[in-house]
Amino acid sequence: MPRRQLAMVAVVATAVFGAVFLVWRGEGLAGAFLLVGLAAAILIQLDARKRLSDLAADLRRNRAELRTLAARTANQATELKELNLGVRRNTRVTRQAHDEVTAVADQVRAVGGQTRDVEALLTDEAERARKHRQSMRSRLRAMSRDSLTQNQALLQLHGQFAPNAPLPAVAGWAMEPTALVELVNLISRLRPQLVVECGSGTSTLWIAYALRRNGSGRVVALDHDAEYAAASNRVIAEHGLSDWAQVQHAPLAPTSTPRGDMPWYSADLTGLAGIELLIVDGPPQATGELARYPALPVLADRLAPGAHILFDDADRPGEVAALDTWREGHALDTVRDLAGRALLLRLRTD
Ligand SMILES: C[S@@+](CC[C@H](N)C(=O)[O-])C[C@H]1O[C@@H](n2cnc3c(N)ncnc32)[C@H](O)[C@@H]1O
């Protein structure tokens with residue numbers, strides 16, 4: 001039994017025995033009541049002390065609970081702080097991630113733009129390549145057609161004449177076979193007695209063949225280059241045509257023209273009067289923009305009335321300019337185009 005209960009039992013027992021004893025000794029009831037009252041006061045005090053002690057215990061418990069609660073709250077505050085820090089960290093990381101994603105999206109957009117640019121470039125290139133292929137094909141076709149046409153013209157030349165010695169090349173600087181066919185036919189038709197050619201070569205040989213077939217006439221070719229002049233004379237001799245053709249070496253020298261002094265053949269023109277056919281195929285273009293212009297003003301007095309002029313390479317800018325300048329000082333008719341490269345002109349007689 002707890003000490004407090006033992007004390008209360010002892011108090012009650014002492015009070016009861018005391019009261020009984022006082023009554024038994026005839027001390028009167030007052031003493032007994034006093035004793036019982038004292039016992040009751042002690043019991044009340046004991047009870048009060050117990051309540052106080054219970055209250056103190058409650059208080060202690062409550063304080064302990066409060067401390068636990070405070071500790072828990074402090075822990076929760078710390079956790080909250082950490083949580084808050086974590087949230088802030090996450091927000092920062094999320095923002096960084098967002099920025100990175102935005103940057104990547106920008107890059108993807110930029111790459112998309114570049115890809116479109118590259119695609120456009122590739123499309124342009126493919127289109128250019130297609131057009132280039134097409135143009136190459138048509139040029140090849142044109143070259144192949146031209147080659148066939150030139151071969152046909154050569155066959156025509158060889159069908160008309162029977163060259164009995166090696167022939168100089170007809171490629172490069174020489175007049176093309178199509179123009180040569182036109183030239184020999186022109187000589188057959190016009191039957192010129194004097195042909196002057198500016199710029200010697202294969203053409204001089206074929207002109208000589210055409211004159212010999214006519215049975216009359218001669219060609220005098222002027223050449224600024226000593227080697228080519230000698231080579232042309234040698235070939236002419238090898239073909240036995242020296243009675244029909246002579247090449248005169250005439251270096252280029254300043255020559256008086258209506259447009260001032262210009263380089264042209266310093267030729268010996270003695271005996272060259274009444275030229276019926278003048279062939280202008282030199283000097284080479286490299287010697288000057290209007291290299292071939294002087295031919296007409298220099299030889300005009302020596303041309304027969306109604307003389308024909310064959311102007312080769314008439315489609316080149318220098319020759320177009322020369323022809324325009326000729327027309328300013330001379331009455332010229334265009335007879336026709338010869339094989340797309342040369343123009344046949346004629347001095348107007350009226
Ligand atoms: C257009 S070429 C004259 C070609 C000539 N009328 C013919 O059809 O064969 C003009 C000048 O070029 C020079 N020449 C000729 N044949 C040449 C060649 N194969 N290479 C470089 N120059 C040449 C000569 O001096 C000639 O007077």
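Along the sequence shown, residues are numbered consecutively beginning with 1. Just so you know, ligand 1 is whichever comes first in the structure, and atom 1 is the first atom listed for that ligand.
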Original post:
Is the number of heavy atoms from other residues, nucleotides or ligands within 6.0 Å of CZ (R139) greater than 12?
Top reply: no
**OP:** Could you check atom 6 (N) of ligand 1 against the protein and tell me its nearest heavy-atom contact, residue, atom and distance included?
**Re:** D281 OD2, 2.7 Å
Original post:
What's the shortest distance from atom 25 (O) of ligand 1 to any protein heavy atom, and which residue and atom give it?
Top reply: D223 OD1, 2.7 Å
**OP:** Grab the two heavy atoms, one from A237 and one from S242, that are nearest each other, plus how far apart they are.
**Re:** CA-OG, 3.4 Å
Original post:
Among K50, R49, Q45, R51, which one satisfies side chain to side chain donor-acceptor pair (under 3.5 Å) with D47?
Top reply: R51
Subject >> Worked check of side chain to side chain donor-acceptor pair (under 3.5 Å) between T68 and R63 >> reply: CA-CA 8 Å; T68 313; R63 262 177 40 208; over 6 Å; no
**OP:** Would you mind running through ligand 1 and noting each atom that sits below 4.0 Å from a heavy atom of E197?
**Re:** 6 (N)
Original post:
Who's the nearest protein heavy-atom neighbour of atom 9 (O) of ligand 1, and how far?
Top reply: T202 N, 2.9 Å
**OP:** Note the single closest protein heavy atom to atom 12 (O) of ligand 1, along with its residue, its atom name and the distance in Å.
**Re:** W173 CE3, 3.2 Å
**OP:** Please identify which atoms of ligand 1 are closer than 4.0 Å to at least one heavy atom of A174.
**Re:** 7 (C), 8 (O), 9 (O)
Original post:
Relative to ligand 1, is S200 under 4.0 angstrom through side chain, backbone, both or neither, heavy atoms considered?
Top reply: backbone
Original post:
Judged by modelled atom types alone, do N214 and S216 share a side-chain donor-acceptor pair under 3.5 Å?
Top reply: no
**OP:** Could you tell me whether G199 and ligand 1 have an N or O pair separated by under 3.5 Å?
**Re:** yes
**OP:** Give a yes/no on ligand 1: does E227 have at least one heavy atom closer than 4.0 angstrom to it?
**Re:** no
Subject >> Pair R213, S188: side-chain N/O donor-acceptor within cut-off below 3.5 Å >> reply: yes
Original post:
With sequence neighbours excluded, what pairs up with F21 under the ring-ring contact (aromatic ring centres under 6.0 Å, His included) test?
Top reply: W24
Original post:
Looking only at N/O atoms, are S203 and ligand 1 under 3.5 Å apart anywhere?
Top reply: yes
**OP:** Look at atom 11 (C) of ligand 1 and say which protein heavy atom is nearest, naming residue and atom and giving the distance to 0.1 Å.
**Re:** P284 CG, 3.9 Å
Subject >> Ligand-residue contact atoms, ligand 1 with D225, heavy atoms, under 4.0 Å >> reply: 25 (O)
Original post:
Looking at CH2 of W264 and OG1 of T287, how far apart are the two atoms once the value is rounded to the nearest 0.5 Å?
Top reply: 12.0 Å
**OP:** Identify, for atom 18 (C) of ligand 1, the protein heavy atom at the shortest distance, and state residue, atom and that distance.
**Re:** Y228 OH, 3.3 Å
Subject >> Protein contact of atom 8 (O) of ligand 1 - nearest heavy atom, named by residue and atom, plus distance >> reply: M175 N, 2.7 Å
Original post:
Where is the tightest heavy-atom contact between G201 and S232, given as atom of each residue plus distance?
Top reply: N-OG, 3.6 Å
Subject >> ligand 1 atoms in contact with H224 (distance to a heavy atom under 4.0 Å) >> reply: 25 (O)
Subject >> Pair listing, ring pair (Phe, Tyr, Trp, His ring centres under 6.0 Å) test, anchored in residues 234-257, at least two apart >> reply: Y209-H239
